[in-house]
Amino acid sequence: MEIRRHVGRGAAPGKVILFGEHSVVYGQPAIAAALGHGLGATVIETGNEPRLQIPRWTGGGLSVAPNSQADAGGMDRAFAIAMRAVDLSADQRFSVTIDGELPLGVGLGSSAAFAVSLLRGLADFQRRQLSESDLLAHAQEIETLFHGNPSGLDHTVAATGRCLYFVAGERPTFETIDLKTTIPLVVAWTPRRGTTAEAVRSLRTRWTQSPSKYDRLFTAMGDISLAGRKALEAGDLAQLGHLFQENHKCLQACGVSDPSNDQMVDIALAEGALGAKLTGAGQGGAVIALCPKEPRRVVEAIAKAGFSALFTHVN
Ligand code: MEV
């Protein structure tokens, strides 16, 4: 006899921040785009209590049950929030497996892709449609668990899958950018020192000690985002590369780029990239390099130095 099990499936892309990480937290505009790599959630009816599994999690995988207590782990609480969002109760019987090729925890939006794919997978399992605004609100709640006070940029890109011009705030605003041409990017990464929340917190401490210095940097990064939008809409890759460089200098001055980020940037430039910068929270993690010519050379040189890298297009 054939036994059909009830299933649900959801997916969401990772992201690259092209301009404005960190300064976005201080109200400046940022630009981010969806990546071809993402995460997926597969939900399957079982005979057991709800379980969330991430086999790729470092240290042999992760498996948790939903728990909304304030002292429970972040993943347990995230699972409980997502179940509540689609009216799934703890006495229902199912398991969720998160899979996908997006590197985890290096600044490419894996926590946002996790939140959005989990919500979509559970909604599909419940045969429910989550509106975009509900999806964003619940993903924000999960991201807040992980990052304290996120700008909202990461999960907005994960939920919409678009290249966005984003301004954070009580009511975040975002506009889709019409790219004149696809953007050829090498994305390179290495393990990160600490979490996004820690990187944001330590910059906030430096800002409270010297507000005018950091306000000047944040304003400069906002201006770079504005110019970046124009370059993206005009398809001006030379200007885009120049702006990557300018943005990276500001991020260095903010103290969020570490020697591994700078090394990956330097290798990409030496191999012919038009520009390169840290992407995401920094302190290790990812960089992007604009590589319209010979991207494989850049990928190989970065890999030879012991980092991970891939070539992709943003469109
Ligand atoms: C992290 O991907 C981006 C940051 O700007 C933090 C945020 O926007 O919440 C560093």
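Counting starts at 1 for both ligands and their atoms, following the listed order. Residues take their numbers from the sequence shown, with the count starting at 1.
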Can you name the atoms of ligand 1, numbered from 1 with element, that are less than 4.0 Å from a heavy atom of P150? 9 (O)
Within-4.5 Å side-chain heavy-atom neighbours: D262 and V287: no
So, R162 versus T176: side-chain donor-acceptor pair below 3.5 Å or not? yes
At less than 4.0 angstrom from any non-hydrogen atom of I17, what atoms of ligand 1 do you find? 2 (O), 3 (C)
Mind checking whether K277 and Q245 have side chains closer than 4.5 Å, heavy atoms only? no
Name the closest protein heavy atom to atom 4 (C) of ligand 1, giving the residue it belongs to and the distance to 0.1 Å. H22 N, 4.0 Å
Ignoring angles and geometry beyond distance, decide whether K15 reaches within less than 3.5 Å of ligand 1 through its nitrogen or oxygen atoms. yes
Can you tell if the side chain of T219 reaches within under 4.5 Å of the side chain of L217, non-hydrogen atoms only? no
Sub-6.0 Å ring centroid separation between F19 and F244: yes
How far is atom 7 (C) of ligand 1 from its nearest protein heavy atom, and which residue and atom is that? S151 OG, 3.3 Å
Quick one: does E143 get a heavy atom under 4.0 Å from ligand 1? no
Under 4.0 Å from a heavy atom of E21: give me the atoms of ligand 1 that qualify, with their elements. 5 (O)
Can a non-hydrogen atom of H147 be found less than 4.0 Å from any atom of ligand 1? no
Which protein heavy atom lies closest to atom 2 (O) of ligand 1, and at what distance to 0.1 Å? D154 OD2, 2.9 Å
Going by the order shown, which atoms of ligand 1 are within less than 4.0 Å of some heavy atom of V24? 5 (O), 8 (O)
More than 12 heavy atoms of other residues, nucleotides or ligands under 6.0 Å from CD of Q129: is that the case? no
Going by heavy atoms in the side chains, are F307 and S260 under 4.5 Å from each other? yes
